[in-house]
Every structure is written in C-alpha cells, then in structure tokens.
K.L.:
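What follows is a single structure, and I will ask about it in a moment.
Here the structure is a predicted model, which means the values were calculated and not measured.
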Amino acid sequence: MASHSDTLVVFFGATAGANGGKLGSDEREIILLVWQIVDLHEKKVGKLHRRLVKPDLLEVTEECKEETGLAVDELCNAEPLDRVLHQFQQCVASELKSMGRSSYTLCVTGPLLIRQALHPEASKKNLVLPDSFYSFVDLRVEFNRCCPNAGPVKELTLPSMCDCILPAFVRQRARCGVPTNHKFTSLETVKHKFESGACSKTEPVDSETVIRARGLPWQSSDQDIARFFKGLNIAKGGVALCLNAQGRRNGEALVRFVNSEHRDLALERHKHHMGSRYIEVYKATGEEFLKIAGGTSNEVAQFLSKENQVIIRMRGLPFTATPEDVLGFLGPESPVTDGSEGLLFVKYPDGRPTGDAFVLFSCEEYALHALKKHKQILGKRYIELFRSTAAEVQQVLNRYVSTPLISTLPPPPAMVPVPVLATPPFLAGGSTRDCIRLRGLPYTAAIEDILEFMGEHTVDIKPHGVHMVLNQQGRPSGDAFIQMKSADRAFMMAQKCHKKMMKDRYVEVFQCSAEEMSFVLMGGTLNRSGLSPPPCKLPCLSPPTYAAFPSPAAVLPGDAALYQPPLLATPRPAQPLAHSTAPTLAYYPPQAHGQLYMNYTAYYPSPPVSPSTVGYFAAPPGAVAAAVAAQPAAPILPQPGALVRMQGLPYNTGVKEILSFFQGYQVSRGPIYPFIHCLAQGLAIRRWD
C-alpha cells in the first residue's frame with residue numbers, strides 16, 4: 001500500500017483582507033477554502049472542492065474582491081468555519097476510502113494559510129483542528145530542494161515554479177516516456193502545546209529568533225502568549241514575562257521562536273488582539289532574553305527540572321510560613337507535585353524570606369483549585385495566587401539574589417581624602433543653555449542606548465554628564481538630561497537629533513540650561529507653563545538648605561571647603577576650621593569589601609551627577625591618588641550626626657512624602673542637612689546633625 005506521502009491534499013484559502021504574501025497580517029477571517037486530492041502513486045487527481053466561509057464580521061476589502069471575485073452577499077448564506085472544516089474532513093475521508101488509502105499529507109504553497117490564518121482564527125474561536133492541520137508540506141520548500149537554482153524560497157510563486165520545471169518535465173518525458181516521481185519528505189509541523197522549561201544564562205540564543213511583545217494583560221500567562229502566537233513554534237521555555245521594579249508584571253514579554261522564519265511571521269502579528277487589547281510586537285535580542293529568562297541557581301534548576309508542570313506563584317506569605325503551612329493552605333484538592341519538593345521559597349541572600357513562593361502542580365485541574373484560594377487567609381495575611389512561568393521563577397530569584405544587603409550598615413570606617421575642585425565643572429549652575437533634554441525615550445532605554453542615539457555628538461558630552469530621570473515609583477520617566485561642553489554643541493545636538501528614532505520611537509531633543517536641569521532632577525517639573533520648583537525648594541516651617549547646583553560661594557577655599565558629600569550630590573555648607581591650613585579636600589567613606597551599600601541610580605530622583613562620581617571609594621583612584629600623595633597630610637574630620645532607618649514605607653513613597661514627614665522637625669543648634677535615599681524594599685535613610 002502506498003504511504004501517506006504519496007497522497008496529497010492540495011489546500012488553498014483566502015481571507016476577507018490581505019492575501020498573497022500578507023495573508024493573515026491584518027487579522028481578517030477566512031472566507032474561502034479550496035482543496036483537491038492528488039494521488040502521486042497512481043498519478044491521478046480527485047474532484048476540486050470549493051467552499052465559502054461565513055465570517056463573524058461581514059466585511060470584505062476591495063483588494064480581496066479583486067483577487068477572489070467574492071462579494072459580501074455571497075458570504076451571507078455560507079457556513080461558518082467549524083462546519084466547513086467538518087465538511088472538509090468528511091469529504092477527504094470519503095475519497096480516501098474509495099482510493100483505498102487511510103492517510104494523507106496536506107500540501108500548501110507557503111505556510112501563511114496554515115500558520116497565520118487557520119490556526120490563529122481557530123484559537124480565537126476555540127475550535128479544535130484535526131491532527132492533519134498540524135503537519136504539512138510546503139510546495140515552495142520542496143521545489144527549492146529539487147531546484148536550488150530557482151531562487152530564494154520566499155520569492156517562489158506557482159507561475160515561476162511552472163516556468164522553471166515544465167521544460168525539464170518535457171525533456172524527461174520525451175526521454176523515458178513517464179514523468180519524474182518525487183517523494184515529499186520536508187514535513188513542517190505545528191506544535192500542539194507550548195512546552196515550559198528552564199533556560200541557562202550560558203545557553204546561546206540567536207537574536208534573530210527573539211521578539212518583544214508589549215501591552216499584554218497583567219494576568220496573562222505563558223500559555224496565553226503561546227495561544228496568541230498559535231501556529232508558530234515557540235522554543236521550549238521560550239516565553240519570559242517581564243517584571244517591573246516592584247516584582248510585578250509590566251505587560252511585556254520576550255518570546256523565543258525555533259528559527260528566524262517563525263520570528264519574522266510573529267512580527268507580522270504586530271497590533272493583533274488578545275481579547276480587547278492590541279499587542280505590539282518588536283524585534284529583541286538574545287541578550288535581552290537571557291537577562292530575563294536565564295538563571296544560574298542550582299536550586300531553581302532542580303525545581304524546574306520537572307517538566308510539563310503548572311507553576312503558581314504565591315505572594316504575601318507570612319515570614320514564618322513553613323512548607324507544611326503552605327501545603328495545608330492549598331488543601332488535599334490541590335496536591336503539590338512531590339509534596340514539599342514542589343515548593344520553592346524565595347529568600348534574600350542572607351536567608352530572610354521575602355513572602356513569595358512558587359508551587360508546582362502536575363495538571364491544570366489542581367492548579368485551578370489552588371487559584372480559587374486567591375486572597376484567602378493564611379495566619380493573619382491574605383495570600384495572592386497567580387499563574388507563573390519558568391522564566392518568571394528565574395527572574396524573581398535573580399532579582400532577590402542580586403539585592404544588596406542593607407539590613408545593617410557597617411560602622412563608619414576611616415575616611416580617605418579625595419581632592420575635589422572648588423567648583424566642579426559638572427555641578428556648575430547658571431542660565432547658560434549648555435544642556436539638552438531628551439523626551440519620549442523608550443522605557444527600556446539605557447545610557448548605552450542614549451550614547452548610540454547621539455552618535456558623533458557623544459564626544460561633546462561632559463564627563464559623567466548623562467542623567468536619567470525616574471518617576472516616584474523608580475521607573476524610567478522617558479526623560480533624560482545631558483550636559484554638553486558648550487551651548488553651541490548643545491544647540492547642534494538639538495538641531496540634528498530632534499525627533500530621531502530610538503527603538504521604534506521618535507525622541508524629542510530640546511536645549512536647556514543647567515538650572516532647569518537641576519530643578520527637574522530634584523523633583524520639579526519643566527513644561528510649557530515654566531518651572532515648578534521641587535519639594536525641597538518649597539517654603540516650610542524649618543526650611544532645610546538644599547543646593548542642587550552649588551554656587552561658587554558655597555564652597556570656600558582652604559579648610560572651609562571640607563564637607564561631607566551626601567548621596568544625592570547635595571554638598572553640605574562649609575564648616576570653617578580655626579586651626580588648619582589643609583588644602584581643598586572632600587572625604588568619602590571607603591567601600592567595605594569593594595561593594596556599594598546603596599545605589600541610588602535605580603530610584604527617584606536621578607541625582608544631578610553621574611553614578612560613577614558619587615559613592616564609596618576604597619582608595620583614591622589613579623591621578624587622584626597621586627594628587628593626594630603630593631599634598632600634606634590633612635586631619636581627618638569626624639562624621640557628626642547619625643543614621644536613622646525608616647522601615648515599612650509604602651512602595652509608592654517618593655521624596656516629596658518623606659520631606660513632608662520631616663518638615664516640622666526642629667533642632668536647637670544649626671540647620672538640618674538632610675539627604676534621603678529611597679530604597680526599593682520600602683526603606684529610607686535620613687541623616688542630620
């Protein structure tokens with residue numbers, strides 16, 4: 001008996017919108033299906049079948065009318081897609097039985113009808129497609145395999161293939177009297193289900209296979225995203241949901257496909273809909289995917305080694321919760337895979353629990369029972385439960401493992417003198433318009449992207465002159481300020497780069513002054529109505545002294561220039577010393593073990609100096625060390641004041657709220673010199689004399 005590869009069902013279709021090379025790119029429904037059986041063994045063809053399909057939305061574009069000759073009136077009396085597919089099954093089965101065959105292979109000219117039209121529409125309408133639609137042969141691929149000199153596969157059409165093969169077919173028939181037999185072997189498949197799995201940071205990921213999906217519903221899972229890309233094959237563990245600074249989903253995901261062809265087809269689904277939301281689809285890189293989905297923890301790898309498991313994330317657990325407490329909370333109707341081995345508690349590097357945990361279930365039914373306990377009480381806390389993914393497990397663990405240990409600050413160590421100019425060039429204020437403002441940056445843009453955006457103008461940037469502006473939640477605001485070497489260079493930059501594209505978004509570039517930049521970086525606003533002062537510039541009962549950009553008078557010569565630099569780059573007023581002739585120096589506490597204990601660059605507001613200019617130094621670097629060695633020894637000033645830690649702040653607390661909290665504080669001696677550093681886990685540290 002002939003094999004199923006000798007029996008083909010040639011399949012063709014059209015949608016109510018774009019067809020040809022753009023078939024399925026506009027989300028229009030299928031309105032026409034045509035098929036015919038071809039017996040390669042007996043060299044016979046069956047009857048040609050043509051069925052109209054009634055779409056849910058009775059609209060047909062002019063382009064479709066010209067190509068198919070169909071009008072809306074003809075579709076009104078047609079059958080819906082599910083019934084037409086049932087007729088297809090019955091018709092093909094009947095003909096195969098009469099031919100003595102039991103199986104067949106679907107044959108199409110290009111994968112668009114199957115991958116971009118039929119599977120996505122069936123998924124949206126909750127239709128179960130027969131198994132025959134999960135494998136097919138692409139006539140263009142088969143032709144290219146036999147005739148590699150005919151041109152690229154994407155450029156092949158039926159007329160071009162006929163023009164190429166007919167002369168050879170005639171010569172072959174004239175020589176031996178029969179046509180050449182061909183075996184169709186290049187079978188393409190469509191995955192039935194997305195396979196979850198872990199991804200290692202050392203695993204190579206081709207950038208030509210990764211896309212970024214934006215605008216996803218916050219409750220969407222990896223299975224929902226795989227359903228949106230139904231018809232395209234996603235790599236195992238290839239869906240990575242992105243999290244924001246608070247560990248919550250931000251509506252974006254990185255998706256990795258099996259090859260570049262499927263990635264290109266995914267890009268054609270830009271602004272297709274998931275429910276009532278349209279989803280944006282852009283190119284991404286393998287590095288971005290590994291940053292989100294890659295992991296190195298052996299504990300996570302062992303937890304995710306159990307394949308085909310449903311993952312649920314639990315949030316808000318009591319810090320004293322044990323595996324037995326969690327298993328009792330879920331109950332016998334939601335058995336966890338391997339008991340306590342199917343639980344993964346998320347902890348800080350020092351072993352303290354975060355209140356998060358991941359749970360494995362062997363089937364969807366158990367997971368649904370667990371999700372019904374969303375916001376039920378465990379101990380004295382209500383517990384949130386969400387669907388999760390292997391990539392989210394990696395991302396959450398990576399985030400907490402990299403969290404700096406700041407529960408206890410080290411005692412103030414011996415300070416190292418570092419020379420500082422009396423008027424640092426990057427802090428010079430004034431009305432000179434030697435700065436530029438970038439507005440409308442992509443939220444994923446980093447300093448490296450800004451430097452690439454500026455191109456040749458990067459040579460005109462002052463050292464440490466790029467400042468990102470973050471909002472009160474610590475997220476990028478889409479704005480940035482850049483200090484240029486002169487007003488002329490700033491003007492040229494604004495003229496040449498205004499509305500230039502960065503990652504599919506155009507960026508507005510404006511010239512501004514250092515004073516305007518100072519106001520915005522310290523929490524004020526700059527708009528068409530003018531400048532609005534930051535909270536620290538507003539009048540209050542006991543006004544603290546702030547200087548985002550100190551005037552030269554604020555830094556006195558000689559010993560009077562000694563001050564304690566705060567973390568927000570707000571220098572304290574000079575404290576005159578009566579018996580010292582030490583040179584102009586500033587003292588920075590050295591690093592403990594080479595690590596920063598506080599890094600403000602990820603939080604609001606961005607300081608008016610670069611992260612690399614403020615911090616803890618283990619020793620004066622480079623030329624600075626030489627300058628220190630050449631100067632006479634200076635007395636080390638003690639650090640007056642104390643550190644106070646505020647714990648339990650709301651996650652949306654900003655600088656303004658903390659300033660307001662301390663606004664009425666009174667002291668008997670001297671003014672208050674505060675600096676505030678907001679931390680992601682609801683902590684703040686304030687220092688005063």
K.L.:
Before you tell me yes or no, could you show the steps for Lys236 and Phe194 under side-chain contact (heavy atoms from CB on, under 4.5 Å), namely the whole-Å CA-CA distance, both residues' side-chain angles and the distance that decides it to 0.1 Å?
P.N.:
CA-CA 7 Å; Lys236 182 179 179 179; Phe194 167 70; over 6 Å; no

K.L.:
Can you confirm whether Arg83 is buried at CZ, in the sense that more than 12 heavy atoms of other residues, nucleotides or ligands lie under 6.0 Å from that atom?
P.N.:
no

K.L.:
Can you tell me how far CG of Asn19 sits from OG1 of Thr68, rounded to the nearest 0.5 angstrom?
P.N.:
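Thr68 atom OG1 to Asn19 atom CG measures 7.0 Å (nearest 0.5 Å).
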
K.L.:
Has Lys125 got more than 12 heavy atoms of other residues, nucleotides or ligands less than 6.0 Å from its NZ?
P.N.:
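Count over threshold, so yes.
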
K.L.:
Are side-chain heavy atoms of Val38 and Lys44 found at a separation under 4.5 Å?
P.N.:
no

K.L.:
Roughly how far apart are Glu252 CD and Ile279 CD1, rounded to 0.5 Å?
P.N.:
11.0 Å

K.L.:
Just do the side-chain hydrogen bond (donor to acceptor under 3.5 Å, both in side chains) check on Arg387 and Gln223 with the steps written out, would you?
P.N.:
CA-CA 10 Å; Arg387 290 183 179 273; Gln223 298 294 340; over 6 Å; no

K.L.:
Can you confirm whether Leu243 sits close enough to Asn250 that some side-chain heavy atom of one is under 4.5 Å from a side-chain heavy atom of the other?
P.N.:
no

K.L.:
Apply salt bridge (charged side-chain N to carboxylate O under 4.0 Å, His left out) to Glu384 and Lys375, showing your working.
P.N.:
CA-CA 5 Å; Glu384 298 175 293; Lys375 290 196 174 181; 5.2 Å; no

K.L.:
With a cut-off of 6.0 Å (strictly less than), are more than 12 heavy atoms of other residues, nucleotides or ligands near CD of Gln87?
P.N.:
yes

K.L.:
Using the ring centroid of each side chain, check whether Phe88 and Phe11 are separated by less than 6.0 Å.
P.N.:
yes

K.L.:
Determine whether Asp206 and Thr209 satisfy the following criterion, side-chain hydrogen bond (donor to acceptor under 3.5 Å, both in side chains), listing intermediate values before the conclusion.
P.N.:
CA-CA 6 Å; Asp206 186 3; Thr209 63; 5.2 Å; no

K.L.:
Report the C-alpha distance between Thr15 and Glu29 in whole Å, list the side-chain angles of each, state the deciding distance to 0.1 Å, and finish with yes or no for side-chain contact (heavy atoms from CB on, under 4.5 Å).
P.N.:
CA-CA 5 Å; Thr15 68; Glu29 298 172 87; over 6 Å; no

K.L.:
Backbone N or O of Ile30 within a donor-acceptor pair of the Glu121 side chain at under 3.5 Å?
P.N.:
yes

K.L.:
Hey, could you give me the CG/CG distance between Leu85 and Leu33, rounded to the nearest 0.5 Å?
P.N.:
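CG of Leu33 is found 6.5 Å from CG of Leu85.
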
K.L.:
Are the side chains of Val210 and Arg263 in touch, meaning some heavy atoms are under 4.5 Å apart?
P.N.:
no

K.L.:
Would you compute the distance between atom CG of Leu57 and atom CZ of Arg28 and round it to the nearest 0.5 angstrom?
P.N.:
6.5 Å

K.L.:
Check step by step if side-chain hydrogen bond (donor to acceptor under 3.5 Å, both in side chains) holds for Ser123 and Arg227.
P.N.:
CA-CA 7 Å; Ser123 177; Arg227 185 176 181 182; 3.1 Å; yes

K.L.:
Please answer whether the main-chain N or O of Leu265 pairs with a side-chain N or O of Gln116 as donor and acceptor at a distance below 3.5 Å.
P.N.:
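Answer holds: yes.
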
K.L.:
Using the rule given for side-chain hydrogen bond (donor to acceptor under 3.5 Å, both in side chains), can you reason through Thr7 versus Arg101, listing the C-alpha separation, both sets of side-chain angles and the distance that settles it, and then say yes or no?
P.N.:
CA-CA 8 Å; Thr7 307; Arg101 308 292 172 81; 2.7 Å; yes

K.L.:
Can you tell me if OH on Tyr278 sees more than 12 non-hydrogen neighbours from other groups inside 6.0 Å?
P.N.:
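Incorrect, the count does not exceed 12.
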
K.L.:
Report yes if the side chains of Leu344 and Leu397 come closer than 4.5 Å at any heavy-atom pair, otherwise no.
P.N.:
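Contact flag for Leu344/Leu397 side chains = yes.
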
K.L.:
Does Glu203 pair with Arg256 as a salt bridge, N-O distance under 4.0 Å?
P.N.:
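Looking at Glu203 and Arg256, the cut-off is met.
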
K.L.:
When you measure from the side chain of Asp26 to the backbone N and O of Ala18, does any donor-acceptor pair fall under 3.5 Å?
P.N.:
yes

K.L.:
Taking all atoms of both residues into account, what is the closest heavy-atom pair of Asp449 and Met502, and its distance?
P.N.:
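Nearest pair, atom of Asp449 first, then Met502: O-CE, 3.8 Å.
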
K.L.:
If you take all heavy atoms of Ser388 and Asp222, which pair is closest and at what distance?
P.N.:
O-OD1, 4.3 Å

K.L.:
Which class fits the ring pair Tyr134 and His192: parallel under 30°, tilted 30 to 60°, perpendicular over 60°?
P.N.:
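Parallel.
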
K.L.:
Are any of the side-chain heavy atoms of Phe358 and Phe345 separated by less than 4.5 Å?
P.N.:
no

K.L.:
His273 versus Glu27: any side-chain heavy-atom pair under 4.5 Å?
P.N.:
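Yes - at least one pair of side-chain heavy atoms lies under 4.5 Å apart.
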
K.L.:
Between Glu333 and Tyr366, what is the shortest heavy-atom contact and its length?
P.N.:
O-CD2, 3.8 Å

K.L.:
So if I apply the side chain to side chain contact (heavy atoms under 4.5 Å, CB included) rule between Arg51 and each of Ile31, Val84, Leu81, which one comes out positive?
P.N.:
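That would be Val84.
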
K.L.:
If you take all heavy atoms of Phe228 and Val281, which pair is closest and at what distance?
P.N.:
CE2-CG2, 4.4 Å

K.L.:
May I ask you to test the Val255-Ile234 pair for a side-chain heavy-atom distance under 4.5 Å?
P.N.:
yes

K.L.:
Quick one: do Val359 and Val310 satisfy side-chain contact (heavy atoms from CB on, under 4.5 Å)? Show the steps, please.
P.N.:
CA-CA 8 Å; Val359 189; Val310 183; over 6 Å; no

K.L.:
Please report the shortest heavy-atom distance between Gly316 and Ile383, naming the atom on each side.
P.N.:
O-CD1, 3.3 Å

K.L.:
Assess the pair His374 and Tyr382: is the distance between their ring centroids shorter than 6.0 Å?
P.N.:
no

K.L.:
Could you walk me through whether Glu392 and Arg313 pass the salt bridge (charged side-chain N to carboxylate O under 4.0 Å, His left out) test, one step at a time?
P.N.:
CA-CA 9 Å; Glu392 186 174 9; Arg313 180 181 180 182; 3.0 Å; yes

K.L.:
Would Arg212 and Glu288 count as a salt bridge (charged side-chain N to carboxylate O under 4.0 Å, His left out) if you check the C-alpha gap in whole Å, the side-chain angles of each, and the deciding distance to 0.1 Å?
P.N.:
CA-CA 9 Å; Arg212 178 182 295 272; Glu288 291 176 313; 3.5 Å; yes

K.L.:
Should the heavy atoms of other residues, nucleotides or ligands under 6.0 Å from CZ of Phe329 be counted, would the total exceed 12?
P.N.:
yes

K.L.:
Closest heavy-atom contact between Val72 and Leu58?
P.N.:
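In terms of heavy atoms, the two residues are closest at CG1-O, 3.9 Å.
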
K.L.:
Is the number of heavy atoms from other residues, nucleotides or ligands within 6.0 Å of NZ (Lys124) greater than 12?
P.N.:
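Counting other residues, nucleotides and ligands, NZ of Lys124 exceeds 12 neighbours.
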
K.L.:
Just checking Lys291: does its NZ atom have more than 12 heavy atoms from other residues, nucleotides or ligands closer to it than 6.0 angstrom?
P.N.:
no

K.L.:
Using a 4.5 Å cut-off on heavy atoms from C-beta on, say whether the side chain of Tyr104 contacts that of Leu96.
P.N.:
yes

K.L.:
Could you grab the distance from atom NZ of Lys373 to atom CE of Met314, nearest 0.5 Å is fine?
P.N.:
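Those atoms lie 9.5 Å apart.
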
K.L.:
Could you give me the CA-CA distance, side-chain angles and deciding distance for Lys22 and Glu268, then say whether salt bridge (charged side-chain N to carboxylate O under 4.0 Å, His left out) is met?
P.N.:
CA-CA 8 Å; Lys22 289 293 184 179; Glu268 294 294 330; 3.5 Å; yes

K.L.:
Using a 3.5 Å distance criterion without hydrogens, assess whether the side chain of Arg277 forms a donor-acceptor pair with backbone atoms of Gly215.
P.N.:
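Judged by distance alone, yes, a pair lies under 3.5 Å.
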
K.L.:
For Asp39, does its backbone N or O pair with a side-chain atom of Glu42 as donor and acceptor, under 3.5 Å?
P.N.:
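Side chain of Glu42 to backbone of Asp39: no pair is present.
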
K.L.:
Tell me, with the steps shown, if Phe303 and Leu360 meet side-chain contact (heavy atoms from CB on, under 4.5 Å).
P.N.:
CA-CA 9 Å; Phe303 177 76; Leu360 293 179; 3.4 Å; yes

K.L.:
Near His86 NE2, under 6.0 Å, is it more than 12 heavy atoms from other residues, nucleotides or ligands?
P.N.:
no

K.L.:
Which class fits the ring pair His49 and Trp35: parallel under 30°, tilted 30 to 60°, perpendicular over 60°?
P.N.:
parallel

